[in-house]
Structure formats: C-alpha cells, structure tokens
Amino acid sequence: MSQLIHIQENGLHLVLEVTPEQDVRLLHFGAGELREGVISSGQKPGFRLMELQLTGEDRAEYHGRTHRATFPGLRMRYEAHDDTRNEAGRKLEIALRDPETSLRAVQHVQFYDGVQTVRAWVTLSNEGSEELGVEYVSSFALTGLDKEGTLDRDEKIALSIPHTGWQSELQWRTYSLPELGMSHLTDRSSKRISCSNTGSWSAAEHIPMAVLENREAGSSLFWQIEHNGSWHWEIIDQSDFLTLLISGPTEHDNHWWVSLAPGGEFVSVPVAVGAVIGGFEEAIGQLTAYRRRIRRPNADNRDLRIIFNDYMNCLWGSPATAKLLPLIDAAAEAGCEYFCIDAGWYAAGEWWDGVGEWMPSPERFPEGIKYVLDYIRGKGMVPGLWLELEVMGINSPKLADTDDSWFFMRHGRRVKDRSRYQLDYRNPKVAAHANEVIRRLVEDYGVGYIKMDYNINAGIGTETDADSFGDGLLQHNRAYLAWLDGIFARYPDLVIENCSSGGMRMDYAMLSRQSIQSTSDQENYVNYAAIAAASPSALTPEQSAIWSYPLREGDDEEIVFNMVNALLLRVHQSGHLAELSPRRRELVKEALDYYKTIRKDIPQALPFWPLGLPKQQDDWISLGLRRGDSVYLAVWRIAGESPDRTLPLPALRGEQLDIRCAYPQGFDCSWSWDAEKGELQVTLPNVKSARLFEIHPKQQI
C-alpha cells in the first residue's frame, strides 16, 4: 500500500507518494488540490522527486539531450522525511538513498509564511566507499505541469520567457508550446524547451526565471534560479505529461562535473518555485513578496534615497575635480541624496586595461579625492565610488603582486576577456586584496555607496583546484557571495549596487544581498522606457535602478519622459544638470520632490501592466504599482498616429475614482474614467511623451 504525504501550506498543495518498494514520486505541486484520477498508475513512475545522473550509470529511456530517466535517480529509495518549522516557515526534507552506491540525497523544500513560493535544493552525501562522479542533479523536478483541465496542452499552456541582452534587457515573450517546437504528438519525445546560462554573467541572454500558465485551469507556475553563474532549466514530455527540471550547472550544458569522494558532500544551486490561481501578474506578485522575504534586511530598500551618478550621458567615465564640483552643486540642489563618482577616478587617462589597484588619480584630483568626497558630504549627500573588484586589467600595476593562483586558468593559461583577467575569490589573497580596497574606501575616504560593476564574462570556468571548469566556476561564485556577506557583516550600512554592464547579472543570489540593481546601460531614454516598465518582473521595484539622464539639447517633454522612466522604481539620476536651463532643471526637481512623497509606498507595492508586458516595438507602454487603495500609473507614448489610448484597469471596475496627473504639472494631457468598463482613456498629444498618474478611491461625503 502506497503512503501519501499531503502538504498544504500558504495556499500551496504538495502531494508525495511513497510506494511499497520505497520509490518516491512528487505527484503534485500547485495552487489547487490534486484531482482524483488525473494520474494513472502507469504514469506515476515518471513523477520523479529528483533526477540524478552519475558517471558510468545507465539511462532507462531514450533521452536525447534531456535529463530524464537518470540513474541512480530511478534507483533512489525512500529513507525518511522530516516536516518541521523554522523562523522562515515550514520545512520539508525528504531523504533518499541509492542501495548500490550508498549515495544519500536530501530534497529540501523551504516554505515561507504567507508567500506562495518555496525554495528548493538538494544535498548529496557519498556514504559509500567509492568515488562518485556527479553529472546532473535537479534542484527541483515536477511532472504533470499540464494535468489540470481537459484541453490539450498545445492549446492551453503558455510559457513566458524573459530574453535579455546588453542594452536590451527584459524582452519578455509568451509562447505556445508548438511555437517552441514541442507539439503534442506522442507520450514522450527527445525534444526539450530549455534555457541555459554558461559563465559568470548569469543574465547574459535570459533572466534566470520563467512563468508557465495553464490558461484553461486559470493557474500559473513560476520559478527563478538563485545563482550568479551557470544554470539550466528544461521542460520535457514524458508519461504523456510535461516535466520541469530546474538546476544549477550541468555537465552536458555547462561544463560542470564534480567528484564526490567517500564522505564528500555537494549542495545544489537553490531555486524558487511557486504557484498561483491567476496569470502572469499574480505570479509576479507572489514572486515579488518572496524576493522581499529572502533578501538581506537593509535601510536602503526602505528609504529609497535618490542616487546621482556621473556616468550616463554625462562624464562617461572621465571624472575630475573641476567637472564634478558644479555637478555636485546641481545634484544637491535638485534633491539627490547619494552622489556616486563613476569609472575613471583611479587613472590619469585611458583606464580600461589598467584597473586593479584602485588608487585615486592625482591628475584628476589635484587636491586628492577626499577633497571631492568631503565636498559631496558637505552638500548633504553620501559620497560613492565605482569599483570593478572581480577583475584585474592586463596592464594593471597590481599584477606585480600576483601570480597565476589569483586568476581563472584554463589549459594552463590565464583566462582573459576584454583585456581583463578574472580574479578567483577562492584564493584568500584575492579576498584580502578586495577587503583592503573596501576598507580604504569606507574607513579612509568615508564612502557610503559603491557601484560594483562587472564587465567581463569569465566563460565556462577555471581548472584550478577543480574537478571540471564548471566546478571551479561554481566554487568561485559561492566564494564571491561569501565575500559579499562578510563585507555587509563588517559594514551593514554600506550600499553596494549590483551592476554588470547594466543588468547582465540580474539574479537573486546577488540581489538577496545587494539592495539595488543597475538595470541597463541603455543610452537612449526612449528605448529605456520598455526596460524600466518590465523591470519589476525580474526584481522588486525598490531594487530597480533606472537611469534618468536629461540631455543638454532636449526639450521639456524629453525631461519629463526621462523622469517618468524612474519615478516608480529607484531613481538613478544623471545628465549634465548644471548645464540645463532653469526651466528644465526645475522639472527635474519637481519630479524628485514628488518621488519623495510616494517612495514610502514602493517597497510594499505590487506591479501590474495594463497594456501587457512592454516590448521595444510597442507604441504605448504602461506600468502600474498598487499598494492598498493607492495606484500609481506611468504611461508612455512612444510612437504611432493616435494620441489616445485605452488602459484596461479591471481591478478598479465599478469604482468611483480620483485621478490626477501627478507629474508633470501644467502639461498638455487629458484623461477620462469609464467605471462600468474599468477603462482609463488617456490622451497624450505628443509622441515621445510620458505622464505619471495617481489614482485613489473617491472620498465618500
């Protein structure tokens, strides 16, 4: 007789089956209950709790490039399970053992009180007498993604994938499975739909997340991989159902392989998985709540202070005392609260391939950099500096103090990318070097903000002290996170911005630690609108730093558009503020003054998109934030002939509303509200214009 383990927690339902042979199957994970009879007895063996492939082991099924039917994954037998509680919430641990190798695996599922999302990972322990080579282990596996409803999966399943790239971040697209080449023609095939990242830019091509909707059942499954390096997820078909496999790096996809000696242990990359009744917005709402729960508590995500950074469409990495002082004056006058000096402060001229020592340039700062930093502080702002501490330029003077052990190595040579070497944070000397740089900036210079950039991709990994290139990369990824944890333990009030050529490392291994994320290096403010509007899908709004960079040659609408880009998120102010006309400078100040009145709501607000997720090809874009009864709505008109656009607001249907254009004041703009239809009609006479609306229930007299 099989044993069923039912878990119902925070609106999530999880059902495990343990057979008389001690095989463990995960039959269900979702926002609704498991329907009786939807899985036949012949299909149940395909509902694996985990997939696990060891070197030299067989496969039980034709698999193509998929990670199905693994051994000893199919051989693992139930040992025990623990159902406990900790300070986060309920915790389920299911222990399995392979009778042939004595490999023990524990599947961890951590619930979070009040959130419909779990964190999952696997711990492997070699309790046998022989070394074992691990080629693949899932952090979470789920079969039956399409089992709810009666329609064929070709009709009812929609998969939303966030494509991304340098200056083109967050390009969501939603597909049917046939559009991705997986038509339902058999009970299983060699086809997979997959996303992988290989290298140290975790978001080089895709954000490590996705949303799968069952539109017939009205439910959604969503996931994110919380890792700052290589990762992989795939959807396959087996047992006439869809299966999702989520993992960190794999041998086949990411050059990762690890040898477990007797007594050795390996912990897989953590992933988050959740389910909701509803669609994409409901999924992102729960993921937003989860992201807020797991990150390091910090004042920055509560206060949302305004940052001025001198780089974008401003000094372009060439700061100097004479250039900075008028900018500092203008930023303070506009209401900025941090002032960050970006790249270039450490070199007299061209600096790209010489970075690594991080000493101020006397040519750029004749009075010393502390003079400028003190000037910033004297204007009531917190000073900041740019760093790129994970690399060393190939012409850096600091190289004289190093050897090969400091760097990634492949085939006996240092890994080089864009004229930089990749530092290996497993080396204590590297960590000590980085610690001293941070100490000098914080303790000697009084820096309170660091823009931590990372402009190379170290590729598949390093061979130094590693079983595979990918193993070396994974060890380094984790060592860097441990180093970050140590920095925040030492300087808990220090704000460190996560930047990798903009958003190339937008993941929650980094963002569970760092309070703010650079979203893009996009230089065109019109193109930035879609990136800004999409950003709360990948990170919490209060962590999403958006450049606002008024141009010297722009008009009033250009200023307003730039400011609206950032006003519902984190303002990353830039541009030549000191050279703007008084009228245009006042429009910047008006926006920042307004931001200070609403920013208290942003850390509790949830995003929504009245016109759907934005695309660069759209004529109109809209992003809303909702906190309680308050709604803040940004609207951009990018192109197109018509000055009118209808924005569906179904959550407000039937409501009598007070609606005002909160920013800017006194500009041409009109709107009307159809309560019966739940639609807001907006008129913006000019292309390349934007407005921010504030919406509240009408007060009853």
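Treat the numbers as computed from the prediction; the structure is a model and nothing was measured. Every heavy atom of this structure was used, including side-chain atoms; hydrogens, water molecules and symmetry mates were not.
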What about [X] and [Y], are their ring centers closer than 6.0 Å?
X	Y	value
Trp351	Tyr346	yes
Trp231	Trp223	no
Tyr663	Tyr594	no

side-chain hydrogen bond (donor to acceptor under 3.5 Å, both in side chains), paired with Asp507, selected from Ser512, Ser202, Ser500: Ser202

Would you say [Y] and [X] are linked by a side-chain donor-acceptor pair, where the criterion is simply a distance under 3.5 Å?
X	Y	result
Gln543	Tyr508	yes
Asn435	Trp483	yes
Ser537	Trp172	yes
Asn301	Asn298	yes
Tyr454	Ser200	yes
Thr321	Tyr375	no
Asn254	Ser230	no

Inspect the surroundings of [atom1] in [X] and state if more than 12 heavy atoms from other residues, nucleotides or ligands are less than 6.0 Å away.
X	atom1	answer
Arg413	CZ	no
Lys429	NZ	no
Trp166	CH2	no

To the nearest 0.5 Å, how far apart are [atom1] in [X] and [atom2] in [Y]?
X	Y	atom1	atom2	value
Ile598	Leu568	CD1	CG	5.5 Å
Lys451	Cys340	NZ	SG	7.0 Å
Glu463	Ser468	CD	OG	11.5 Å
Leu441	Ile369	CG	CD1	7.5 Å
Leu539	Asn498	CG	CG	9.5 Å
Thr462	Arg414	OG1	CZ	11.5 Å

Search all heavy atoms of [X] against all heavy atoms of [Y] and return the closest pair with its distance.
X	Y	result
Leu170	Ser535	CD1-CA, 3.5 Å
Ala509	Leu481	O-CD2, 3.7 Å
Glu497	Gln514	O-NE2, 3.8 Å
Phe408	Leu423	CE1-O, 3.9 Å
Pro383	Leu373	CB-CD2, 3.7 Å
Ile621	Pro614	CG2-CB, 3.8 Å

Check the angle between the aromatic planes of [X] and [Y] and answer parallel, tilted or perpendicular using the 30° and 60° thresholds.
X	Y	answer
Tyr525	Phe561	perpendicular
His572	Tyr449	perpendicular
Tyr549	Tyr528	tilted
His411	Phe469	perpendicular

Qualifying residue, where the test is salt bridge (Lys or Arg N to Asp or Glu O under 4.0 Å) with Glu542 and the options are Arg570, Arg295, Arg305: Arg295

Under-4.0 Å salt bridge between Glu388 and Arg418: no

Charged N-O contact under 4.0 Å between Arg440 and Asp444: no

Working for side-chain hydrogen bond (donor to acceptor under 3.5 Å, both in side chains), residues Tyr338 and Gln573: CA-CA 10 Å; Tyr338 289 99; Gln573 192 65 52; over 6 Å; no

Got [X] and [Y] here, is their nearest side-chain heavy-atom distance under 4.5 Å?
X	Y	result
Met563	Val560	no
Ile438	Ile450	yes
Met209	Ile284	yes
Glu333	Leu577	no
Leu315	Leu324	yes
Val526	Glu558	no
Asp342	Asp453	no

side-chain hydrogen bond (donor to acceptor under 3.5 Å, both in side chains) evaluation trace for Tyr480 with Asn228: CA-CA 9 Å; Tyr480 182 74; Asn228 53 328; over 6 Å; no

Would you say [X]'s side chain and [Y]'s backbone share a donor-acceptor pair under 3.5 angstrom?
X	Y	answer
Glu337	Met381	no
Ser139	Pro270	no
Thr519	Ala545	yes
Asp417	Asn457	yes
Arg377	Gly446	yes
Asp618	Lys615	yes
Asp310	Cys314	no
Asn427	Ser405	yes
Trp547	Ser574	no
Arg364	Gly344	yes

Aromatic Trp352 / basic Arg420 pairing, under 6.0 angstrom, 45° off normal: yes

Arg513 to Phe488, cation-pi by 6.0 Å centre distance and 45° axis angle: no

Leu387 and Trp358: CA distance, side-chain angles, deciding distance, side-chain contact (heavy atoms from CB on, under 4.5 Å) verdict: CA-CA 8 Å; Leu387 284 176; Trp358 309 113; 3.7 Å; yes

Step-by-step side-chain hydrogen bond (donor to acceptor under 3.5 Å, both in side chains) determination, Ser318 to Lys323: CA-CA 9 Å; Ser318 183; Lys323 298 177 186 177; 3.1 Å; yes

Stepwise side-chain hydrogen bond (donor to acceptor under 3.5 Å, both in side chains) check, Trp636 with Asn565: CA-CA 9 Å; Trp636 295 264; Asn565 281 353; 2.8 Å; yes

